[in-house]
Each structure stands twice: as C-alpha cells, then as structure tokens.
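Before any comments, here is the structure.
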Amino acid sequence: MRKEQILIIGAGGQIGAVLTDALRSIYGPDRVIASDIRPLPDANGPSEVLNALDGEALNALVSKHKINQIYHLAAILSATGEKDPLWAWNINMTSLFNVLEVARSKGLHKVYYPSSIAVFGREANHYDTPQHEVLIPETVYGISKVAGENWANYYFRRYGTDVRSIRYPGIIGYQSMPGGGTTDYAVDIYHYAVRKEAFECFLRADTTLPMLYMPDAIRATIELMEASAEKIMVRTGYNLAGMSFTPAEIAASIQKVYPDFKISYKPDFRQKIADSWPASIDDSLARRHWGWKPEFDLDMMTKDMLKNLVLQYEGSINK
Ligand code: AKB
C-alpha cells in the first residue's frame with residue numbers, strides 16, 4: 001500500500017462514486033476520504049460532508065486527514081449551468097480556487113481537475129478536434145473549464161502545484177447516474193431499454209458526440225495520476241477519446257440485444273449545446289505522453305451496460 005491520503009470532492013457524483021471505489025481498492029479504504037455536499041449513503045470507507053465553496057472547511061478537512069492528493073470532481077455541468085450562468089460560474093470557479101489554494105499552501109503532491117469537451121465551440125475543427133485548438137465555448141460550463149484549465153496550468157508553472165486534467169467526453173456507466181449534462185441521454189437510454197420502455201431523446205438522431213465507457217474513464221484518470229510527472233507535458237487538459245456515436249447508432253446497438261426497443265426524438269435546448277461540441281477528438285498526445293488506449297467500443301459497452309443494469313434492476317426487485 002502506498003502512503004497517499006486522498007480526498008475526493010464530489011464523491012456522490014457520477015464519476016466520483018465509481019472513482020472512490022477504484023481508488024480504495026488501490027490505496028486501501030481508509031486512505032481515500034469521500035466527500036460531498038450531502039451525506040454519502042453507503043460509504044465503504046471514511047466520508048465527510050463538505051461544501052467545496054467553503055475554503056476554511058476544506059483546509060480543516062485536509063489538515064484533519066493529512067491529505068496529500070485531491071480529486072476535485074464537483075461541478076455544475078453544461079445543461080444545468082445554462083439555467084443560471086452566474087451561479088454555475090461561481091460554484092465551478094470558487095471551488096477550484098479553494099482546491100488550488102489549499103494544494104499550493106499545504107504543498108499537496110497532486111490534484112486532479114476534470115475538464116471536458118465543452119471547452120470547444122463551433123470555431124474548433126468538428127472532427128478529430130486537435131489538442132491545441134481554438135477554445136471559444138458556448139456554455140458557462142465550457143467557459144469555466146477553459147478558465148479552470150488555464151488556472152491549473154498557471155499554478156503548475158508559477159508554484160509547481162502538480163495539477164493534472166482530462167477533457168472528458170460524455171461518460172456512460174451503470175453504477176451511477178449523471179446529472180445536468182448534455183450527454184446524459186446516453187446513460188438514460190440504457191435504463192429505458194432494460195425497463196422495456198420507449199425512450200424519447202432530447203437530441204436529434206444524427207448528433208454525433210464523443211463518449212467514453214466508465215471503466216475506460218476511471219482507468220484513464222488513474223493512469224494519468226500515476227504517470228511520472230515528466231510525462232505530463234500538457235498542463236491544461238488532455239484530449240481523450242473512446243468512441244463517437246449518434247442517438248440513432250446507440251439505439252441500433254441496443255436493438256441488437258433488444259430488437260423491440262423504440263426511440264423517438266424531441267430536441268430541446270441541449271441540441272444547441274451538442275451542436276457546438278466536436279463529433280470526434282484527436283487524443284494522440286494522451287496516447288503518446290502517458291500511454292492512453294481505450295478498450296470499449298459501442299457494442300462492447302452496450303452488452304456490458306445491459307448485463308449489469310439487468311442485474312441491478314433484478315436486485316432492486318428482489319430486495
Ligand atoms: C456534459 O454533458 O455536460 C458533460 C460533459 C461532456 O462534460 N457530460
């Protein structure tokens with residue numbers, strides 16, 4: 001076991017819940033402190049209630065648990081952020097500054113800060129969007145991620161704070177639900193399929209977006225954080241790709257397993273957000289610098305999602 005003391009902020013969220021378990025199996029349950037704004041229901045290790053906007057509370061928690069690594073996963077995502085832009089900006093930026101400041105002042109080993117494909121806008125190349133691309137995002141979430149990446153880079157160059165980041169595509173997993181994103185449909189659709197319900201999609205049938213299956217996302221995050229520092233040559237956020245598909249293609253993939261599955265389309269305000277994002281991502285620097293390689297394609301993910309969701313729904317019925 002390594003002597004790391006890790007704090008996860010936003011451990012009740014879609015990625016946080018799965019990452020907490022993965023890190024506990026590597027470092028040991030007691031070395032990973034799960035925190036969230038609400039009490040965590042069935043924590044398999046130490047947990048704390050933390051409002052990431054409260055810098056003093058964060059400082060106290062870092063001292064109490066002798067934390068030397070932080071994974072800062074709390075954020076307001078693209079769709080929710082558009083409902084109240086200034087509120088979303090305040091949460092995303094204040095929480096990041098609190099984390100960067102505690103990391104700088106206490107000399108933490110490492111910080112993980114997730115970025116997103118939302119950093120890109122219409123001016124970026126739509127296909128195979130390169131790492132170093134023009135960044136003019138159209139959502140407040142995207143603006144906060146561009147700013148956040150730049151602050152991460154600034155803290156690294158100015159203070160040597162070892163902040164690492166990935167520009168996540170849409171993340172799909174069976175263990176937890178996303179909340180407030182534009183790519184959330186790609187999780188919901190599997191739940192509808194398993195419940196044998198028809199699904200109404202809030203994006204057009206032909207909207208291609210970059211996506212990643214949860215096991216690949218967790219592995220990428222841990223591989224990035226465990227790579228030796230000299231390999232991390234991008235200190236903003238690494239482009240990362242898994243697969244790209246449209247709602248029609250994910251529905252067709254589900255229909256290979258459930259031929260009767262039905263989908264209809266009723267685009268809402270999220271269509272405009274999706275249209276401003278890339279269809280596919282060039283992640284060659286992540287591959288070259290720290291060896292990133294995705295494992296799951298669409299059909300492999302569909303089989304795994306459906307298998308696990310069936311087990312989950314059966315388990316909840318039998319409880
Ligand atoms: C969202 O849809 O807002 C997120 C993201 C791509 O960062 N899933």
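Counting starts at 1 for both ligands and their atoms, following the listed order.
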>> Using a 4.0 Å cut-off to any heavy atom of Leu77, which atoms of ligand 1 qualify?
In response: 3 (O)
>> Need the ligand 1 atom indices (1-based, order shown) with element for anything under 4.0 Å from a heavy-atom of Thr182.
In response: 1 (C), 2 (O), 3 (O)
>> So for ligand 1, is Ser78 a polar contact partner (N or O within less than 3.5 Å, distance only)?
In response: yes
>> Can you confirm, on distance only, whether ligand 1 has an N/O atom lying under 3.5 Å from any N/O atom belonging to Trp277?
In response: no
> With a 4.0 Å cut-off, would you call Lys110 and Glu4 a salt bridge?
Replying inline: no
> Without hydrogens or angle criteria, can the side chains of Lys145 and Ser165 be said to hold a donor-acceptor pair below 3.5 Å?
Replying inline: no
>> Considering non-hydrogen atoms of the protein only, which is the closest contact for atom 8 (N) of ligand 1, and what is the distance?
In response: Thr183 OG1, 2.9 Å
> Less than 4.0 Å between a side-chain N and a carboxylate O, is that true for Arg164 and Asp162?
Replying inline: yes
> Using 4.0 Å as the upper bound for N to carboxylate O, is an ion pair formed by Asp275 and Arg204?
Replying inline: yes
>> When you compare ligand 1 with Ser116, is there at least one nitrogen or oxygen pair between them that comes in under 3.5 angstrom?
In response: yes
> Between Trp290 and Tyr238, does the ring centre distance come in under 6.0 Å?
Replying inline: yes
